[in-house]
Amino acid sequence: GLLTSPVVRQSLAQTYGRGPGPLRLLQAMPFQLRLQPVAKGPFRAGLQLQLELGAGRSVIEAWLADLSTALRDQGLKESQPLAGLSAWSREDGSLAGGWRWLPGRRQVLLFLGPVPTSLPISPPLGEASWRLRLRPQALAKAGLLPTDLPPVVRRAQQLELLGRAAGARS
């Protein structure tokens, strides 16, 4: 995956002061990635990454503290318009992104672009009723993947999909 790239790992460690331990933890966390269209403003889309922390909350809290320091050092300004919400803006006032602790859950929602206007209503991420593990890179070499998949998916060593069957209880 992306976090296995030495260039990405080194860049994250230099820019945000995080070593391989937290990155391994991030790789193992269940997540949901969403892209939301944005009607106006400097962004055409907002990116949201929802992480289920499990026992990793203290590591993520430390990472977010380090990230806050790095963002301040880069000239961004923090605001907290709601409890549990940290939003970061550039000097011109445009919002760059931030994070929000989700109430009643051991989850955090990281975002780039505008503050998400509604909280995710999905069930906890770890409560999947089915799981599918694929090796896209091997499948691509065997000619078994659709050619229109993004290159990042086709090159991935492993891809895990989790889902809930229609009517499955949480």
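Side-chain atoms are counted along with the backbone in the values below, which use heavy atoms only and exclude waters and symmetry mates.
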Should Leu112 and Val38 be counted in the same cluster of Ile, Leu, Val, Met, Phe, Trp and Tyr side chains packed under 4.5 Å apart? no
Please say yes or no: joined through hydrophobic side-chain contacts below 4.5 Å, possibly via intermediate residues, are Ile60 and Phe111 part of one cluster? no
Before you tell me yes or no, could you show the steps for Met29 and Glu52 under side chain to side chain contact (heavy atoms under 4.5 Å, CB included), namely the whole-Å CA-CA distance, both residues' side-chain angles and the distance that decides it to 0.1 Å? CA-CA 6 Å; Met29 286 181 178; Glu52 185 170 305; 5.9 Å; no
Let me confirm one number: the [atom1]-[atom2] distance from [X] to [Y], rounded to the nearest 0.5 Å.
| X | Y | atom1 | atom2 | result |
| --- | --- | --- | --- | --- |
| Arg133 | Leu159 | CZ | CG | 11.0 Å |
| Leu49 | Leu35 | CG | CG | 12.0 Å |
| Arg57 | Leu64 | CZ | CG | 9.5 Å |
| Leu33 | Gln50 | CG | CD | 10.5 Å |
| Gln36 | Arg44 | CD | CZ | 16.0 Å |
| Leu47 | Arg34 | CG | CZ | 10.0 Å |

Show which side-chain atoms of residues 78-87 pair as donor or acceptor with protein atoms under 3.5 Å away, not counting sequence neighbours.
{"from": "Glu78", "atom 1": "OE1", "to": "Arg72", "atom 2": "NH2", "distance (Å)": "3.0"}
{"from": "Glu78", "atom 1": "OE2", "to": "Gln80", "atom 2": "NE2", "distance (Å)": "3.4"}
{"from": "Glu78", "atom 1": "OE2", "to": "Ser86", "atom 2": "OG", "distance (Å)": "3.0"}
{"from": "Gln80", "atom 1": "NE2", "to": "Ser86", "atom 2": "OG", "distance (Å)": "3.4"}

When you measure from the side chain of Gln137 to the backbone of Arg155, do you find a donor-acceptor pair of N or O atoms at a distance under 3.5 Å?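 A pair under 3.5 Å: yes.
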In sequence, state the C-alpha distance, the side-chain angles, and the governing distance for Trp63 and Leu67, and then conclude on side chain to side chain contact (heavy atoms under 4.5 Å, CB included). CA-CA 6 Å; Trp63 176 67; Leu67 178 60; 4.2 Å; yes
With salt bridge (charged side-chain N to carboxylate O under 4.0 Å, His left out) as the rule and sequence neighbours excluded, what pairs involving residues 140-149 come up? none
For a 4.5 angstrom cut-off between non-hydrogen side-chain atoms, does Leu110 reach Phe31?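 When only atoms from C-beta onward are counted, Phe31 and Leu110 do not touch, as no gap falls below 4.5 Å.
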Considering non-hydrogen atoms only, spot the tightest contact between Leu145 and Arg154 and give its length.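 Smallest interatomic distance, heavy atoms only, reads CB-NH1, 3.6 Å.
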Please give me the minimum heavy-atom distance between Leu109 and Pro116, naming the atom from each residue.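 Taking every non-hydrogen atom into account, CD2-CG, 3.7 Å.
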Could you pull out every donor-acceptor pair under 3.5 Å between side chains of residues 90-99 and any protein atom, sequence neighbours left out?
{"from": "Arg90", "atom 1": "NH1", "to": "Ser94", "atom 2": "OG", "distance (Å)": "3.4"}
{"from": "Asp92", "atom 1": "OD1", "to": "Ser94", "atom 2": "N", "distance (Å)": "2.9"}
{"from": "Asp92", "atom 1": "OD1", "to": "Ser94", "atom 2": "OG", "distance (Å)": "2.7"}

